[in-house]
Amino acid sequence: MKILSWLLVLLLLIGCSAPDLNKPPPIKVGRDVCGECGMVITDERFAAGYYSADGDARKFDDLGDLVQFMRKQQEAPALVWVHDYETRQWLSASDATYVVGPEVQGPHHGIAAFQSPQAAHQFAAPISAKVLTWTDLLSLELPGTTPHNHN
């Protein structure tokens with residue numbers, strides 16, 4: 001009985017461990033809601049997220065919502081994660097290349113992330129969209145926001 005009690009305590013400790021802040025927060029598509037607009041996250045290609053310094057998961061249905069939330073909350077997480085538009089794999093936001101334009105059919109702001117700059121340029125060319133870095137995206141003026149210096 002004593003061993004069973006210790007096993008139960010060990011399992012509880014493992015289950016209550018802090019999240020790995022160096023990994024993206026898990027997003028349940030169709031169930032989790034955006035931390036900025038409150039909409040259900042329905043399209044993984046545009047979803048993004050990070051953990052706050054105190055370990056709270058921040059999840060977003062749109063890259064523009066992520067940027068707006070970071071500006072409002074003045075949060076500067078160590079690692080921000082975005083999905084590659086084509087593969088839907090998680091990428092570090094700072095390593096991705098972004099395509100921005102009204103023809104990008106995202107939830108709100110018309111922003112898509114790509115793992116390779118070549119893929120981004122190939123996607124952007126026929127729709128005359130802008131190709132940006134993470135730093136550029138953080139400085140981009142979005143509807144209802146003012147750009148900030150995030151360097």
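Positions are given from 1 along the sequence. Here the structure is a predicted model, which means the values were calculated and not measured. Only this structure's heavy atoms are used, side chains among them; waters, hydrogens and symmetry mates stay out.
A distance of 10.0 Å separates OH in Y51 from CG in D56, rounded to the nearest 0.5 Å. The distance from the CG atom of L137 to the OG atom of S94 is 12.0 Å, given to the nearest 0.5 Å. One finds the CZ atom of R45 at 12.0 Å from the CG atom of D62 (value rounded to the nearest 0.5 Å).
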Do any side-chain atoms of residues 22-42 form donor-acceptor pairs under 3.5 angstrom with protein atoms, and if so which ones, sequence neighbours left out?
unit_1 : atom_1 : unit_2 : atom_2 : d
D32    : OD2    : K28    : N      : 2.7
D32    : OD2    : K59    : NZ     : 3.0
E36    : OE2    : K72    : NZ     : 2.6

Run the side-chain donor-acceptor check on residues 95-103: report pairs under 3.5 Å with partners two or more places apart or on a different chain.
unit_1 : atom_1 : unit_2 : atom_2 : d
Y98    : OH     : A93    : O      : 2.7

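A 4.5 Å side-chain heavy-atom check between I111 and V104 finds every atom pair outside the cut-off. The shortest distance between side-chain heavy atoms of Q68 and H109 falls below 4.5 Å.
Contacts of Y85 classified as ring pair (Phe, Tyr, Trp, His ring centres under 6.0 Å), with partners at least two apart in sequence or in another chain: F46, F114, F123. Partners of D84 by salt bridge (Lys or Arg N to Asp or Glu O under 4.0 Å), not counting sequence neighbours: none found. Checked against side chain to side chain donor-acceptor pair (under 3.5 Å), D54 has the following partners two or more places apart in sequence or in another chain: S52. For R88, the salt bridge (Lys or Arg N to Asp or Glu O under 4.0 Å) test picks out no residue, with sequence neighbours left out. D61 is linked by a side chain to side chain donor-acceptor pair (under 3.5 Å) to H108, counting only residues two or more places apart in sequence or in another chain. Applying the side chain to side chain donor-acceptor pair (under 3.5 Å) rule to S116 yields no partners; only residues at least two apart in sequence or on another chain are considered. By the ring pair (Phe, Tyr, Trp, His ring centres under 6.0 Å) test, F69 pairs with F60, sequence neighbours left out.
Annotation: side chain to side chain donor-acceptor pair (under 3.5 Å) contacts involving residues 117-134, sequence neighbours excluded, comprise T133-D136.
Judged by distance alone, with hydrogens and angles left aside, the side-chain atoms of H83 form no donor-acceptor pair with the main-chain N or O of W90 at under 3.5 Å.
Criterion: ILVMFWY side-chain heavy atoms under 4.5 Å apart, direct or through other members. Under it, L63 and V80 are part of a common hydrophobic cluster. Side-chain heavy atoms closer than 4.5 Å link hydrophobic residues (I, L, V, M, F, W, Y) into clusters, and following such links, even through other members, never connects V131 to V82.
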